[in-house]
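Each remark here refers to the structure printed beneath this line.
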Amino acid sequence: MQKLSLDARVRDLMKRAAAASTGRGAETVYGGHEHVLRQTLIAMTAGTELAEHESPGEATVLVMQGRVRLVAGQDSWDGIAGDLLIIPDARHSLEALEDAAVLLTVAKSG
């Protein structure tokens, strides 16, 4: 069994995001491309966006800190720390409305 401190990793990723030209930092904390389930911590500075992309399977975003906006077509959902956003099976993007960190959980399809 493994135990991870997501709060400690978020602090580290926020520092990396602030120093990165992209304004982002990410780390897979569980699983990966060879697994069905993958969980990735993503830190983003205010105004940073993950451009519109396809969903690789069922997915959720747990907002760990800050505020984000998930956009799919004409629909959008704002999330704050503690909110769980269910990602629709459609092209979507994610924007940091303020410095934010999220836990992206993806279960790949078939």
Side-chain angles (χ1 to χ4, degrees):
M1 182 170 136
Q2 274 187 297
K3 176 183 167 185
L4 303 171
S5 171
L6 295 181
D7 288 337
R9 295 199 184 221
V10 162
R11 284 191 298 273
D12 179 55
L13 282 174
M14 287 306 301
K15 289 177 190 171
R16 283 199 261 164
S21 61
T22 60
R24 296 190 311 245
E27 175 184 350
T28 297
V29 294
Y30 179 81
H33 294 293
E34 67 281 358
H35 296 273
V36 172
L37 182 67
R38 183 176 75 242
Q39 291 184 297
T40 306
L41 277 174
I42 303 169
M44 303 165 63
T45 57
T48 301
E49 182 178 33
L50 296 177
E52 188 177 75
H53 57 279
E54 296 289 338
S55 182
E58 292 182 65
T60 62
V61 168
L62 173 63
V63 183
M64 303 288 296
Q65 82 177 44
R67 200 162 55 98
V68 298
R69 176 169 293 143
L70 176 66
V71 177
Q74 298 302 314
D75 296 319
S76 69
W77 304 267
D78 287 359
I80 60 171
D83 286 349
L84 181 68
L85 303 175
I86 290 80
I87 298 174
D89 187 17
R91 291 186 62 77
H92 60 277
S93 62
L94 184 71
E95 178 187 1
L97 301 176
E98 59 189 45
D99 289 354
V102 300
L103 179 65
L104 170 67
T105 300
V106 176
K108 288 187 291 191
S109 304

Can you name the residues that form a side chain to side chain contact (heavy atoms under 4.5 Å, CB included) with Ala8, not counting sequence neighbours? Ser5, Arg11

Under the rule for side chain to side chain contact (heavy atoms under 4.5 Å, CB included), what residues qualify as partners of Ala72, not counting sequence neighbours?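 Residues passing side chain to side chain contact (heavy atoms under 4.5 Å, CB included) with Ala72: Trp77, Pro88, His92.
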
Heavy-atom closest pair, residues Gly23 and Thr48: O-OG1, 3.5 Å

What one should report as the nearest heavy-atom pair of Ala43 and Ala17 is O-CB, 3.8 Å

Does atom CD1 (Ile80) have a neighbourhood of more than 12 heavy atoms from anything else shown, all under 6.0 Å? no

So does Glu34 have more than 12 non-hydrogen atoms from other groups sitting under 6.0 Å from CD?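 Yes, because the 6.0 Å sphere around CD of Glu34 holds more than 12 heavy atoms from other groups.
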
Quick test of your reading: applying salt bridge (Lys or Arg N to Asp or Glu O under 4.0 Å), list the pairs with at least one residue in residues 71-88, sequence neighbours left out, ordered by first then second residue. Arg69-Asp78

Contact list for residues 37-52, test salt bridge (Lys or Arg N to Asp or Glu O under 4.0 Å), sequence neighbours left out: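 Those involving residues 37-52 are Glu52-Arg91.
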
Residue pairs, two or more places apart or on separate chains, that pass ring-ring contact (aromatic ring centres under 6.0 Å, His included) and touch residues 5-30: none

Val106 and Ile87: side-chain contact (heavy atoms from CB on, under 4.5 Å), yes or no, with the steps? CA-CA 10 Å; Val106 176; Ile87 298 174; over 6 Å; no

All side-chain hydrogen bond (donor to acceptor under 3.5 Å, both in side chains) counterparts of [X], not counting sequence neighbours:
| X | result |
| --- | --- |
| Glu98 | none |
| Glu95 | none |
| Arg16 | Asp12 |
| Arg24 | none |

Answer yes or no: is there a side-chain heavy-atom contact under 4.5 Å between Leu85 and Val68? yes

At what distance, to the nearest 0.5 angstrom, does [atom1] of [X] lie from [atom2] of [Y]?
| X | Y | atom1 | atom2 | answer |
| --- | --- | --- | --- | --- |
| Leu94 | Leu104 | CG | CG | 8.5 Å |
| Leu13 | Met44 | CG | CE | 12.5 Å |
| Thr105 | Glu58 | OG1 | CD | 11.5 Å |

With no hydrogens and no angle check, is any side-chain donor or acceptor of Asp99 less than 3.5 Å from a backbone partner on Ala46? yes

Would you kindly confirm whether [X] and [Y] end up in one hydrophobic cluster when ILVMFWY residues are joined by side chain heavy atoms under 4.5 Å apart?
| X | Y | result |
| --- | --- | --- |
| Leu103 | Leu37 | no |
| Leu50 | Val102 | yes |
| Ile42 | Val29 | no |

Mind checking who shares a hydrophobic cluster with Val36, ILVMFWY linked at side-chain heavy-atom distances under 4.5 Å?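 Besides Val36, the hydrophobic cluster comprises nothing; the residue is isolated.
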
Could you pull out every donor-acceptor pair under 3.5 Å between side chains of residues 59-67 and any protein atom, sequence neighbours left out?
none

